[in-house]
Amino acid sequence: MPLFENEDELIVRLQARDAAAMTLFYRQYGKLFYPVILRIVRNVPAAEDVLQDAMVKIWSSFAAFDPDKGYLFTWALRICRNAAIDHLRDRRVREAQRTQSLDGSGAAQRAAPPSFLPEHVGVRELTQRLRPEYRRLIDLLYFEGLTQVEAAERLQMPLGTVKTHSRQAIKELVKLLS
């Protein structure tokens, strides 16, 4: 549904690079595009910047718009959505690069051996308080990284028994932690 009385005339004016037509386009469509961008970006100043960038992109690439292939609103909305998504991707890349440069120092990697897993701190001691069959199963599943099928084969137990014992062992560990 066009927002203008004669959207075809607006399209012709935009294709002719009429700045007044772009101002009119921005005033009408910008109000509709902004909430879509804000929903993606989730940051008011960033959404305003993305909207401005998208409008520039719409203005500069308007020659590519073909009214026979779709509506002006849909075409422009897609550009705005893609600009918002590109903004998120760019920010993530920048943050990842900053994080990578901090991790790249190697100090954290030298401080702990590669086999060190913080989530295992104190867990091995807790497993010593389990029944021997539960302890062996937890060792195989969590410290040696075997699957339940592999643990069943190694312990020569039915898979159902391995599943039941592992579930019971975890329940006992939870009680010990409480």
Side-chain angles (χ1 to χ4, degrees), residues 29-58 61 69-71 73-178:
Y29 283 114
K31 297 176 209 172
L32 300 172
F33 297 150
Y34 178 76
V36 173
I37 293 169
L38 183 60
R39 194 174 321 125
I40 295 169
V41 176
R42 297 183 182 186
N43 180 326
V44 172
E48 292 169 357
D49 289 344
V50 169
L51 178 62
Q52 295 299 319
D53 293 343
M55 287 296 169
V56 170
K57 188 176 277 188
I58 289 167
S61 64
K69 291 185 179 179
Y71 295 106
F73 176 80
T74 308
W75 177 78
L77 179 63
R78 187 171 293 124
I79 290 174
C80 290
R81 281 184 44 242
N82 289 342
I85 292 168
D86 289 345
H87 173 77
L88 289 178
R89 288 179 181 158
D90 287 346
R91 190 181 76 214
R92 286 183 188 147
V93 167
R94 281 185 268 130
E95 288 175 0
Q97 288 172 343
R98 282 188 224 132
T99 304
Q100 182 64 27
S101 67
L102 292 175
D103 289 343
S105 67
Q109 293 160 346
R110 286 190 301 270
S115 62
F116 173 75
L117 296 171
E119 61 269 15
H120 290 173
V121 173
V123 174
R124 194 170 292 277
E125 290 77 23
L126 279 176
T127 60
Q128 299 303 314
R129 296 168 56 186
L130 292 174
R131 295 181 2 196
E133 62 270 15
Y134 288 175
R135 183 178 334 122
R136 179 69 184 132
L137 184 58
I138 293 296
D139 286 345
L140 291 174
L141 293 175
Y142 295 98
F143 296 113
E144 293 183 31
L146 297 181
T147 64
Q148 289 180 333
V149 173
E150 294 168 336
E153 290 172 0
R154 183 162 311 167
L155 296 172
Q156 297 177 346
M157 299 173 79
L159 180 59
T161 304
V162 168
K163 290 180 178 186
T164 302
H165 284 193
S166 64
R167 189 170 38 254
Q168 290 171 342
I170 291 171
K171 285 180 181 178
E172 282 191 28
L173 286 172
V174 168
K175 285 180 187 175
L176 291 171
L177 287 170
S178 300

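Owing to the predicted nature of the structure, the values given are computational and were not obtained by experimental measurement. Heads up: numbering here begins at 1 and tracks the sequence. Basis for what follows: all heavy atoms, side chains included, without hydrogens, waters or symmetry-related copies.
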Q. Is the count of non-hydrogen atoms from other residues, nucleotides or ligands lying under 6.0 Å from Arg135 atom CZ greater than 12?
A. yes

Q: Scan Lys171, Gln168, His165 and name whichever one has a side chain to side chain donor-acceptor pair (under 3.5 Å) with Tyr134.
A: Gln168

(Q) Return the CG to OG1 distance between Leu159 and Thr164, rounded to the nearest 0.5 Å. (A) 9.0 Å

Q) Hey, are Arg136 and Glu144 close enough for a salt bridge, meaning a charged N less than 4.0 Å from a carboxylate O? A) yes

Q. For the atom pair CD1 (Ile37) and CD (Gln52), what is the distance rounded to the nearest 0.5 Å?
A. 9.5 Å

**Q.** Trace of the side-chain contact (heavy atoms from CB on, under 4.5 Å) decision for Lys57 with Asp86
**A.** CA-CA 13 Å; Lys57 188 176 277 188; Asp86 289 345; 4.3 Å; yes

(Q) Before you tell me yes or no, could you show the steps for Tyr34 and Val50 under side-chain contact (heavy atoms from CB on, under 4.5 Å), namely the whole-Å CA-CA distance, both residues' side-chain angles and the distance that decides it to 0.1 Å? (A) CA-CA 9 Å; Tyr34 178 76; Val50 169; over 6 Å; no

Q) Between CG of Leu51 and NE2 of His87, what distance do you get to the nearest 0.5 Å? A) 12.5 Å

Q. Can you name the closest pair of heavy atoms from Ala47 and Val41 and give their distance?
A. N-CG1, 4.0 Å

Q: Identify the heavy atoms of Ala54 and Ile79 that sit nearest to each other, and give their distance.
A: O-CG2, 4.1 Å

Q. Can you name the closest pair of heavy atoms from Leu137 and Ala151 and give their distance?
A. CD1-CB, 4.1 Å

**Q.** Point-to-point distance, once rounded to the nearest 0.5 Å, from OG1 of Thr127 to CG of Leu173
**A.** 7.0 Å

Q: Could you check if a side-chain atom of Met55 sits within less than 4.5 angstrom of a side-chain atom of Phe33, using non-hydrogen atoms only?
A: yes

Q) Just wondering, do Tyr29 and Leu77 contact through their side chains at under 4.5 Å, heavy atoms? A) no

Q | Inter-residue atom distance Leu146.CG - Arg154.CZ, 0.5 Å rounding | A | 5.0 Å

Q) Out of curiosity, Thr147 OG1 to Leu140 CG, how far, rounded to the nearest 0.5 Å? A) 10.5 Å

